[in-house]
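Structure first, commentary second.
Each chain gets a letter, A, B and so on, in the order its sequence line appears, and its residues count up from 1.
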Number of protein chains: 2
Amino acid sequence: MDSKDQKRPSELDIFRDFLRRQGMRYTPERETIIKEIFSTHEHFDVDSLYLGIRQKGLRVSKASIYRLIPLLIKANLIEEVFFENGQMHYEHIYGHEHHCHLRCQECRKIEEFSDERVVQIEKELGERFNYRILRHKLEVIGICSTCQKKMNTA
Amino acid sequence: MDSKDQKRPSELDIFRDFLRRQGMRYTPERETIIKEIFSTHEHFDVDSLYLGIRQKGLRVSKASIYRLIPLLIKANLIEEVFFENGQMHYEHIYGHEHHCHLRCQECRKIEEFSDERVVQIEKELGERFNYRILRHKLEVIGICSTCQKKMNTA
DNA sequence: AAGAAATTGTTATTCAATGTCAATAAGCCT
DNA sequence: AGGCTTATTGACATTGAATAACAATTTCTT
């Protein structure tokens with residue numbers, strides 16, 4: 001473990017700070033939810049999160065999850081990824097290599113990728129519009145090779 | 001009007017073709033909705049679309065709008081832009097200069113921009129993952145100058 | 001022109017997300 | 001350490017976008 005790792009505060013520390021600055025409280029329920037979110041690198045929605053927590057034998061109401069999510073977004077710990085099937089889907093972004101999504105319009109499969117050029121675009125935009133840039137979300141939509149074949153033979 | 005313009009079929013023609021290929025029917029209701037969508041260059045949601053149609057003295061049920069939207073997406077005439085306030089927002093993409101969005105996380109203001117580099121990224125992705133690329137959606141999130149000032153003085 | 005099948009509007013339904021509120025508990029203050 | 005203020009919790013009720021069901025209608029093929 002090098003010094004870089006030691007310097008990076010945990011997501012819980014980040015969130016504690018965030019809460020203190022807003023005069024809000026750190027509760028066991030919030031800790032449970034955050035730990036669950038950061039325990040995997042998968043996308044999640046409120047339902048999958050709730051089930052994951054219950055499977056560990058813990059108990060938190062869905063209302064608390066719904067109430068926590070906007071706070072985590074404000075704290076830049078998670079972000080909305082896409083809305084599908086009537087539910088918003090999220091992923092955590094802190095302590096996680098940033099990536100973008102290539103999605104198949106037919107079968108909804110998702111490939112992840114990164115590209116440095118987007119960072120440059122971001123930077124220029126910040127200067128041009130006088131924004132403080134927080135993050136970006138690049139979603140490329142197409143038809144995967146499997147679905148292309150299906151469409152050709154049909 | 002130059003030859004390039006003459007060659008580009010209207011969105012109605014595109015959609016008629018699309019419907020025919022799927023064994024679906026072209027109805028006055030569908031025509032009304034599409035014309036409304038393509039009559040402005042603004043983002044829209046189901047409600048604003050419905051109201052716009054009624055203000056022109058026309059009548060189409062909301063159910064028909066909800067039913068048409070997935071078809072227009074499949075036909076690559078419109079796309080989902082963002083989900084906000086419990087509603088999906090769309091914009092038409094056919095016959096319209098493509099652009100991306102820079103959004104302020106605080107006040108939800110939106111700036112539009114274009115960047116050729118994303119097209120290049122798209123192209124490379126298509127080759128790398130063997131996808132037929134249809135489009136992309138780049139959303140950059142930040143804090144606008146006005147909101148930065150507010151946060152500093154607070 | 002007729003008939004098969006898709007589409008429409010109406011109505012009912014679903015379910016994610018939010019609001020309400022009394023009970024509880026975090027965290028500051030002395 | 002204990003008390004007090006007030007944010008937070010969970011249960012329940014409510015909202016509202018989106019979808020389903022279905023009978024009446026209309027498109028489009030032959």
Side-chain angles (χ1 to χ4, degrees), chain A residues 12-13 15-37 43-54 57-75 78-90 108, chain B residues 12-13 15-37 43-54 57-75 78-90 108:
Chain A
L12 285 175
D13 292 337
F15 193 56
R16 271 191 130 107
D17 262 27
F18 174 83
L19 289 176
R20 190 163 300 130
R21 273 197 299 278
Q22 317 262 327
M24 290 170 165
R25 293 171 187 174
Y26 189 76
T27 67
E29 288 83 3
R30 287 176 172 171
E31 186 174 309
T32 299
I33 299 167
I34 296 177
K35 279 185 176 166
E36 178 66 23
I37 290 175
H43 298 161
F44 66 92
D45 53 54
V46 169
D47 249 47
S48 64
L49 192 52
Y50 179 75
L51 291 176
I53 289 168
R54 300 217 55 166
L58 301 169
R59 239 194 114 85
V60 159
S61 76
K62 273 194 188 174
S64 291
I65 298 178
Y66 276 114
R67 282 186 287 235
L68 182 58
I69 283 177
L71 300 181
L72 293 174
I73 291 175
K74 266 264 166 84
I78 68 170
E79 72 179 5
E80 298 181 342
V81 183
F82 54 84
F83 184 83
E84 193 171 276
N85 267 117
Q87 270 180 285
M88 185 56 78
H89 294 248
Y90 308 87
R108 307 268 164 188
Chain B
L12 285 174
D13 292 336
F15 193 56
R16 272 190 128 105
D17 262 26
F18 174 83
L19 288 177
R20 190 163 301 131
R21 273 197 299 276
Q22 316 264 326
M24 292 170 166
R25 293 171 187 175
Y26 189 76
T27 66
E29 290 81 3
R30 287 177 171 171
E31 185 174 310
T32 298
I33 299 168
I34 296 177
K35 279 185 176 166
E36 178 66 22
I37 290 174
H43 298 162
F44 66 93
D45 53 54
V46 170
D47 249 48
S48 64
L49 192 52
Y50 178 75
L51 291 175
I53 289 169
R54 301 217 54 166
L58 301 168
R59 241 194 111 85
V60 159
S61 76
K62 274 193 188 174
S64 291
I65 298 179
Y66 277 114
R67 281 186 287 235
L68 181 58
I69 283 177
L71 300 181
L72 293 174
I73 291 174
K74 264 266 166 82
I78 68 170
E79 72 179 4
E80 299 182 342
V81 183
F82 55 82
F83 184 83
E84 192 170 278
N85 267 115
Q87 271 180 283
M88 185 56 79
H89 295 249
Y90 308 87
R108 307 265 164 188

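- With sequence neighbours excluded, the residues satisfying ring pair (Phe, Tyr, Trp, His ring centres under 6.0 Å) with B:H43 are B:F82, B:H101.
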Which donor-acceptor pairs under 3.5 Å do side chains of residues 62-69 of chain B form with protein atoms, sequence neighbours excluded?
from	atom 1	to	atom 2	distance (Å)
B:K62	NZ	B:D47	OD1	2.9
B:S64	OG	B:S61	OG	3.3

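- With rounding to whole Å, A:R30 atom CZ is found 8 Å from D:dA7 atom C1'.
- The side chain to side chain contact (heavy atoms under 4.5 Å, CB included) search around A:D13 returns A:P9, A:S10, not counting sequence neighbours.
- In this structure, A:S64 and B:M88 both approach DNA chain D, and ranking their closest nucleotides by distance from the 5' end singles out A:S64.
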One character per nucleotide, please: for nucleotides 19-30 of chain D, 5' to 3', B when the base has a protein heavy atom closer than 4.0 Å, S when only the sugar-phosphate does, - otherwise. B-B----BBS--
Let's go through A:H89 and A:F83 carefully: what are the C-alpha distance in whole Å and the side-chain angles of both, what is the deciding distance for side-chain contact (heavy atoms from CB on, under 4.5 Å) to 0.1 Å, and is it a yes or a no? CA-CA 6 Å; A:H89 294 248; A:F83 184 83; over 6 Å; no
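- One end of the helix from C:dA1-D:dT30 to C:dT30-D:dA1 points its axis 40° away from the other end's axis, with each axis taken from 5 pairs and the angle rounded to 10°.
- Looking only at side-chain heavy atoms (C-beta outward), B:D45 and B:S48 come within less than 4.5 Å of each other.
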Residues 16-24 of chain A, side-chain donor-acceptor partners within the protein, below 3.5 Å, at least two apart:
none

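- Under the rule for a ring pair (Phe, Tyr, Trp, His ring centres under 6.0 Å), A:Y26 has no partner lying at least two apart in sequence or in another chain.
- Looking at heavy atoms from C-beta onward, B:R59 lies out of side-chain contact with B:I53 at the 4.5 angstrom threshold.
- Under the salt bridge (Lys or Arg N to Asp or Glu O under 4.0 Å) criterion, B:E79 pairs with B:R135, not counting sequence neighbours.
- For A:E31 and D:dT8, the CD to P distance is 15 Å, given to the nearest whole Å.
- B:Y90 meets the ring pair (Phe, Tyr, Trp, His ring centres under 6.0 Å) test with B:F44; sequence neighbours excluded.
- The salt bridge (Lys or Arg N to Asp or Glu O under 4.0 Å) contacts involving residues 27-37 of chain A comprise A:E31-A:K35, A:E36-A:K56, where partners must be two or more places apart or lie in separate chains.
- Taking a 4.0 Å limit (strictly below) on heavy-atom distances, residues 78-86 of chain B reaches DNA chain D at B:G86.
- By the 4.5 Å heavy-atom criterion applied to side chains, A:R108 and A:E84 are counted as neighbours.
- Here the side chain of A:R59 is nearest to one of D:dG10, D:dA11, D:dA18, namely D:dA11.
- Residue B:Y50 contributes atom OH, which lies 15 Å from atom C1' of D:dG16 at whole-angstrom precision.
- Using a 4.5 Å heavy-atom threshold, the side chains of A:I34 and A:F15 count as touching.
- Protein chain A touches strand DNA chain C; the 5'-most and 3'-most nucleotides with an atom under 4.0 angstrom of its non-hydrogen atoms are C:dA16 to C:dG27.
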